Structures are given as structure tokens and as C-alpha cells.
Amino acid sequence: MSDFLSVRESQIKFFNSLPFYYKSKDGEFVLYKKAGEILSPDRADQGRHPQLYIQKKHKSEAIKELTQGLNMEFEKQLASGGLVGIKNALGNIVKEALAPGQGEMMTRLPETIDILFKNMDRDHTTMSYLAKVAGSSELMVEHTVNVTALTLQYCFFLKMSEGEARNLALCALLHDVGVSTLETEIIECEDRLSATEFKRYKLHPEAGHDMIIMNTDFDIAVANTALEHHERLDKTGYPNGTDLICRESQIIGFIDSYEALTYRNKSFRKAKKPFDTLKLIKKEVMEGKFSLDVFKTFTSCLIR
């Protein structure tokens, strides 16, 4: 087994502190760049480097440097205020996280989401609604980070294409944008909501859907997920009590429920251990509320 890992062209510019190697005609790994040296970005952009490698022992250091570089690019895009640039930068991070052998990147994704929330101070894109969520409730920030990270883990396990993973990650990021229309006391309530409060709470899916439709050109599944993530396949969900739920909504709705039960305490129940949450949700799967296929896949990706 080789002690070296290949480096993709898109990664070259981020690994300044690491030495690079190339493989000679004889199959020997030869030093190409010393640690700390910076390669010409033009050569990398033009594909003029040979296939490069790093030593396997430097993998963790490489992932850290790669994540930092991608996040710096992400911050620049957020600062520019361009929605397309933001989507592309986030897509690049998702792409790296889902690449073969890059599973370790998954553990660093919350750093990316932190950057997203810290830099959203604009009011002319859907991203600004996420900023409102962040401003109104730290719990919602944590919830969104958790749901997005779990969703990416799901994507990684299924080996989804870059496009699928990027879209599902965006669905996860924006599934609860509608809570920005709610009062903080409703969002952070640790007791059971009153009938009046719950009626108010149930308005957030439609609010989120309308925000996305009116302010973005995202795939329709992103808006549908905001609308449908509380719907259930047995028609007991809300806001419309329908079983016509898109695939993205079924996945995010399931993960949303898992996250809430596993990570958040309430006065009337404590946060559950993952296994106990899965046992409880399995009962709801058997009752026809959630997809059995989504349940099996999600369970498998947790114990992988």
C-alpha cells in the first residue's frame, strides 16, 4: 500500500505548508516542492503540473489547510454579497467533503457554517433571512448546523453526485428560514407550546417557502423542502396535511426530527441518545410517517 495520497488540481493552491511529490517513470516518488514553498497559481490553473502527491502521514494537516483555504474563499464570496458566488463557494466545500477518501472533511464542516452565519449581514438575498435566524436564536443556528452536517453525512454515505449533494445541503441550510418570522420565545420555548403558539409556529414552513421563491433562483426543491419538512407520509403533518412530499423534503424532514430529539432538551423530555432516537423514529416509520428507505439509509450512515 502506498504511503502517498494524490492531490487534485483544485487542491494544489491550498497546500503551501506541505511538500509535494511526483511519481517518476520508475515509479519512485520524487520531491517536487519543499514544505513552505508556493507554487505558481497560473501553472495550477492551466494544469501544467504533473500528478502531485502528499505523504499519507500529512493527511490531517492537509485537511486542516484545505478547509482553511476553502473557508477563506467562502468568506470572500460572502463579503462580496454575490449569491451565485456564495453558492459556488459552498458547493466547492461540499465537493471536497464528498470526495473519495475525504470523509474527515465532514468533521470540519461546522466551521464553514459558522463562517456563513458570522458574515451574513445583507438584506437583499435569502441568506439574510438566515442571518435573522442567527440573530434571534442561537438554538436555531445550532440546529441548522447539525441538520446540515447530518445531511452531508447522509450524502457522503450514498456517494451522491456533487450536484445532488450541493442541492440537498442547500435544502438543509434553508429548511427553517421561515422561523425568522417567529418570536424568540416561541423558537426557544422549552415547554409545550400553547395551542395559540403552535398555530403561530405552524406558519413558518409557508413563510420560508415564500422567502425562497420570491428572493432566489434556487432549485424548486429548496423551496419545497422549506414548505414540506414537517409534512408526513400518513398526512398527519403540516401545513397542508399532504403525503405528496418531494424526496428532499422526506430526507430533511427525517433528519430534522432526528436532530431535534437527539440534540435538544425540553422540560418534558431530555435529549435522547442516538440509538434511542432511532428506536422512537422507527415506530413512526412503521406507522407510515417517514420513509423506510430514508430510515435504513440514515441509520446505516450513522453506524458506518
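Not measured: the values here are computed from a predicted model.
Under a 4.5 Å side-chain heavy-atom criterion applied to ILVMFWY residues, the cluster that includes L233 comprises I245 as well. In the hydrophobic clustering (ILVMFWY side chains linked at under 4.5 Å, chained through shared members), I220 is joined by I213.
Scanning for side-chain contact (heavy atoms from CB on, under 4.5 Å) contacts around Q55 gives F4, Y21, K57, H58, with sequence neighbours left out. With sequence neighbours left out, D234 forms a side chain to side chain donor-acceptor pair (under 3.5 Å) with T236, K289. Take T181 and apply the side-chain contact (heavy atoms from CB on, under 4.5 Å) test, not counting sequence neighbours, and it matches A207, M211.
With a 6.0 Å radius and a threshold of 12 heavy atoms from other residues, nucleotides or ligands, F275 has its CZ atom at or below the threshold. Residue-environment remark: NZ (K33) exceeds the threshold of 12 foreign heavy atoms within 6.0 Å.
Ring geometry, F254 versus F298: the interplanar angle exceeds 60°, so the pair is classed perpendicular (tilted spans 30 to 60°). Between Y201 and F198, the ring planes are parallel. Angles under 30° get that label, and only those over 60° would be called perpendicular.
Between F15 and A62 the shortest heavy-atom distance is CE2-O, 3.1 Å. For E228 against C246, the heavy-atom pair with the smallest separation is OE1-N, 3.0 Å. Taking all atoms of both residues into account, the shortest heavy-atom contact from P239 to P205 is CD-CB, 4.0 Å. Heavy-atom minimum distance, E65 versus N16: OE2-N, 2.9 Å.
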Hey, mind stepping through H209 and V177 against side-chain contact (heavy atoms from CB on, under 4.5 Å) and telling me if it holds? CA-CA 8 Å; H209 171 270; V177 292; over 6 Å; no

Does F157 form a side-chain contact (heavy atoms from CB on, under 4.5 Å) with L302? I'd like the steps, not just the answer. CA-CA 9 Å; F157 177 78; L302 286 183; over 6 Å; no

Let me see the working for H49 and Y32 under ring pair (Phe, Tyr, Trp, His ring centres under 6.0 Å), right down to the final yes or no. CA-CA 10 Å; H49 293 297; Y32 185 80; 5.8 Å; yes

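The CG atom of D176 sits 4.5 Å away from the NE2 atom of H143 when rounded to the nearest 0.5 Å. Here the CZ atom belonging to F295 is positioned 11.0 Å from the CD atom belonging to E284, to the nearest 0.5 angstrom. Taking OH of Y22 as the start and CG of L31 as the end, the distance is 9.0 Å to the nearest 0.5 Å. In this structure, K272 NZ and L278 CG are separated by 11.5 Å, a value rounded to the nearest 0.5 Å. Atom CG of L150 and atom CD1 of I255 lie 6.0 Å apart (nearest 0.5 Å). Note that the NZ atom of K235 and the CG atom of D243 stand 4.5 Å from one another [nearest 0.5 Å].
Under the 3.5 Å distance criterion, the side-chain polar atoms of E248 are left unmatched by any main-chain donor or acceptor of N224. Although no hydrogens or angles enter the test, the distance criterion places a donor-acceptor pair under 3.5 Å between the side chain of D219 and the main chain of A221. Of the possible polar contacts, none joining the Q250 side chain to the V294 backbone as a donor-acceptor pair under 3.5 Å is found.
Side-chain atoms of V7 and L18, non-hydrogen and from C-beta on, never get closer than 4.5 Å to each other. Contact of the I252 side chain with the L168 side chain is registered, since non-hydrogen atoms from C-beta on lie closer than 4.5 Å. The side-chain heavy atoms of I186 and L193, taken from C-beta on, include a pair separated by under 4.5 Å.
In the hydrophobic cluster analysis, where Ile, Leu, Val, Met, Phe, Trp and Tyr join through side-chain heavy atoms closer than 4.5 angstrom, V285 is grouped together with Y258. In terms of hydrophobic clustering, with Ile, Leu, Val, Met, Phe, Trp and Tyr side chains grouped at heavy-atom distances under 4.5 Å, V30 and Y53 are assigned to different clusters. Following chains of ILVMFWY side-chain contacts shorter than 4.5 Å, one cannot reach L174 starting from L227, and the two form parts of different hydrophobic clusters. The hydrophobic cluster containing I12 does not contain F29, counting ILVMFWY residues as joined when their side-chain heavy atoms lie under 4.5 angstrom apart, directly or transitively.
Looking only at atom types and distance, the side chain of E231 has no donor-acceptor partner in the side chain of S249 under 3.5 Å away.
Screening residues 194-208 for salt bridge (Lys or Arg N to Asp or Glu O under 4.0 Å) gives E183-R200 as the qualifying pairs, with residues at least two apart or on separate chains.
Residue S257 forms a side chain to side chain donor-acceptor pair (under 3.5 Å) with just one option from H229, H230, R232, and that option is R232.
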